[in-house]
Engineer: 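Just passing along the structure, written as structure tokens.
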Protein chains: 2
Amino acid sequence: MTTEHELEESPKRRERRDARANRQHILAVAKRLFADQGAEATSMYEVAQAAKVGQGTLYRHFADKSELCHALIKEDIQAFQARVDDFINDRERYPSALQRLELFISEKVLLTDSHLSLLVAGGGPQHKRFRGPFNQWMYDRLILLLEEAMEAGELAPLDVNFTADAILAAIMPHLHYYQRHELGYSCERIIAGMRHIFIEGLRAK
Amino acid sequence: MTTEHELEESPKRRERRDARANRQHILAVAKRLFADQGAEATSMYEVAQAAKVGQGTLYRHFADKSELCHALIKEDIQAFQARVDDFINDRERYPSALQRLELFISEKVLLTDSHLSLLVAGGGPQHKRFRGPFNQWMYDRLILLLEEAMEAGELAPLDVNFTADAILAAIMPHLHYYQRHELGYSCERIIAGMRHIFIEGLRAK
DNA sequence: TAATGAAGTGGACAATTGTCCGCTAATGGG
DNA sequence: CCCATTAGCGGACAATTGTCCACTTCATTA
């Protein structure tokens with residue numbers, strides 16, 4: 001098990017200065033294009049053209065559109081993760097694991113909502129959809145919360161793994177988009193629905 | 001509201017005999033190709049080549065890969081629908097709407113499992129993913145069951161629309177595939193997980 | 001500073017999906 | 001039976017994603 005994830009935080013060996021600049025440049029251009037015409041309506045080819053780099057260069061920096069989109073909201077995602085890490089083990093403020101689970105879901109729904117266009121466009125090649133790095137991170141947290149709630153007796157014994165995926169499926173960006181834009185649901189409605197099913201519903205009787 | 005759905009059952013005006021034959025021929029060829037190399041690994045172009053028809057012809061018969069895949073399992077889908085219609089309002093054999101909901105989910109999981117490859121390959125252009133004809137059909141049935149259960153007091157008051165989508169999301173083909181093939185879950189495990197969340201969980205206390 | 005080799009770059013190419021449109025031929029009315 | 005209408009056909013084309021690889025440039029080191 002090597003830690004070979006390409007976290008740009010830990011420059012395994014090195015990254016050329018010009019490459020870093022180029023990467024930032026691409027991000028800036030993509031951000032503008034996505035804002036102007038929408039992320040869905042913008043092709044990778046277009047981004048490369050606008051940034052005046054070859055396709056190869058673009059794809060060297062971002063393996064696919066989902067990575068590009070992800071990179072554009074990296075800060076908000078990290079902020080979300082920081083917020084979650086902040087309360088996820090804070091049993092003083094939130095004695096109930098279920099309460100923390102509810103908070104988690106709530107935060108996730110709001111995060112999704114605030115970057116819907118990018119998250120839908122960057123749906124990713126379905127094989128990364130269930131266990132891309134970010135989804136894996138969320139999955140892991142859900143498992144921890146569910147197990148804690150179960151051990152505390154707040155939750156009747158259940159299949160934590162299956163349940164975690166069910167939770168993530170119910171709030172995945174594509175469905176969220178459909179509910180918000182086609183069906184006109186509000187975030188509150190989504191959160192309330194989630195709470196009813198996965199918090200109240202699963203609570204031990 | 002015109003009834004303009006292209007149900008090949010009701011030949012609105014006419015369909016040329018040779019076209020019908022051609023369609024059947026394409027289906028036969030696609031069936032073999034899909035069986036041989038897998039539906040995912042077979043492109044529409046390849047199907048057209050193998051069937052010795054132009055791309056235009058192929059797309060005239062099947063607007064996209066999802067329609068082609070769907071057509072290949074039409075019979076099983078219709079059998080599923082018939083089975084469901086058979087018990088969905090049968091309050092004699094199944095007095096409890098929740099029991100019928102459980103049956104519905106069970107049947108759906110097994111149907112999905114028996115045509116996983118085709119259903120995953122024919123994922124369809126995500127805009128049809130939540131309300132393609134078949135999904136709409138399932139959605140409608142779920143709404144009916146949930147409302148009946150609610151009115152009967154089996155279910156605490158809840159957001160039936162949101163819940164129906166959550167149920168469908170939790171058993172969508174892509175996730176099912178991932179759970180079965182990457183995670184090694186059995187159908188029984190999936191069904192049990194669903195029952196715990198959406199039957200036992202939502203049952204009125 | 002010059003050489004070296006790895007990181008980075010560009011754009012041609014391949015693969016795929018889906019559309020367009022001029023041509024062909026089945027069908028049905030006269 | 002013949003012709004006009006129009007469904008149906010074929011395949012070129014456009015759009016997009018992603019890969020490949022020969023070439024370039026930076027950065028280290030001797």
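Every chain is numbered from 1 and lettered A, B, ... according to where its sequence line falls, protein lines coming before strand lines.
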Engineer: Can a side chain N or O of A/N22 be found less than 4.0 Å away from OP1 or OP2 on C/dT9?
Structural biologist: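 True: A/N22 side-chain N/O within range (under 4.0 Å) of C/dT9 OP1/OP2.
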
Engineer: What integer distance in Å separates B/D18:CG from D/dC9:P?
Structural biologist: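 That distance rounds to 6 Å.
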
Engineer: Identify whether the distance between the nearest side-chain nitrogen and carboxylate oxygen of B/R131 and B/D165 falls below 4.0 Å.
Structural biologist: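 A salt bridge links B/R131 with B/D165.
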
Engineer: Can you tell me how far C1' of C/dG8 sits from NZ of A/K52, to the nearest Å?
Structural biologist: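 It is 20 Å, rounded to the nearest whole Å.
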
Engineer: Which pairs, with at least one residue in residues 161-190 of chain B and sequence neighbours excluded, count as a ring-ring contact (aromatic ring centres under 6.0 Å, His included)?
Structural biologist: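 Sorted pair list: A/F130-B/Y178, B/Y177-B/H181.
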
Engineer: Over how many whole Å does the gap from A/R16 atom CZ to C/dG5 atom P extend?
Structural biologist: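 Checked: the CZ to P distance equals 15 Å.
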
Engineer: Could you list all N or O pairs between the protein and nucleotides 12-18 of chain D that sit under 3.5 Å apart?
Structural biologist:
from: D/dT17; atom 1: OP2; to: A/M44; atom 2: N; distance (Å): 2.9
from: D/dG18; atom 1: O6; to: A/Q55; atom 2: NE2; distance (Å): 3.1

Engineer: Looking at five pairs on each end of the helix from C/dT1-D/dA30 to C/dG30-D/dC1, what is the angle between the two axes, given to 10 degrees?
Structural biologist: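 Comparing the axis at each end, I get an angle of 10°.
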
Engineer: Could you state the CZ-C1' distance from B/F62 to D/dC9, rounded to the nearest angstrom?
Structural biologist: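 My rounded result for the distance is 15 Å.
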
Engineer: Is it the case that atom CZ in B/R17 sees more than 12 heavy atoms from other parts of the structure closer than 6.0 Å?
Structural biologist: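 For B/R17, atom CZ is not crowded (no more than 12 foreign heavy atoms under 6.0 Å).
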
Engineer: List the atom of A/P157, the atom of B/H196, and the distance in Å for their closest heavy-atom pair.
Structural biologist: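 The pair with the smallest heavy-atom distance is O-NE2, 3.4 Å.
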
Engineer: For A/H61 and C/dG10, give me the distance from atom NE2 to atom C1', rounded to whole Å.
Structural biologist: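 About 12 Å, once rounded to whole Å.
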
Engineer: Counting just side-chain N and O atoms, does A/T57 come under 4.0 Å of either OP1 or OP2 of C/dG10?
Structural biologist: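 Answer yes for this pair, as a side-chain N or O of A/T57 is under 4.0 Å from OP1 or OP2.
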
Engineer: Return the CG to OG1 distance between B/L33 and B/T42, rounded to the nearest 0.5 Å.
Structural biologist: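 So the gap between those two atoms works out to 5.5 Å.
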
Engineer: List the steps and the verdict of side chain to side chain contact (heavy atoms under 4.5 Å, CB included) for B/M172 and A/M172.
Structural biologist: CA-CA 12 Å; B/M172 67 189 180; A/M172 68 189 178; 3.6 Å; yes

Engineer: Identify whether the distance between the nearest side-chain nitrogen and carboxylate oxygen of A/R100 and A/D90 falls below 4.0 Å.
Structural biologist: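 Judged by the 4.0 Å cut-off on N to carboxylate O distance, A/R100 and A/D90 do not form a salt bridge.
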
Engineer: Measuring from the side chain of B/V53 (C-beta onward, heavy atoms only), which nucleotide among D/dG10, C/dG10, C/dT9 has the closest atom?
Structural biologist: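 Closest of the options to the side chain of B/V53: D/dG10.
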
Engineer: Find the distance B/R17:CZ to D/dG8:P and express it as a whole number of Å.
Structural biologist: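 For the pair B/R17 CZ and D/dG8 P, the rounded distance is 12 Å.
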
Engineer: Quick check: any donor-acceptor pair below 3.5 Å linking the side-chain of A/R60 to the base of C/dT9?
Structural biologist: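 No, the side chain and the base share no sub-3.5 Å donor-acceptor pair.
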
Engineer: Quick check: do A/L27 and A/H61 have side-chain heavy atoms less than 4.5 Å from each other?
Structural biologist: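 No, too far: nothing below the 4.5 Å cut-off.
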
Engineer: Closest approach of B/A164 and B/L142, non-hydrogen atoms and distance?
Structural biologist: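 Scanning both residues, the minimum pair turns out to be O-CD1, 3.7 Å.
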
Engineer: Given atom CG of B/L58 and atom P of D/dG8, what is their separation to the nearest angstrom?
Structural biologist: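 Between P of D/dG8 and CG of B/L58: 15 Å.
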
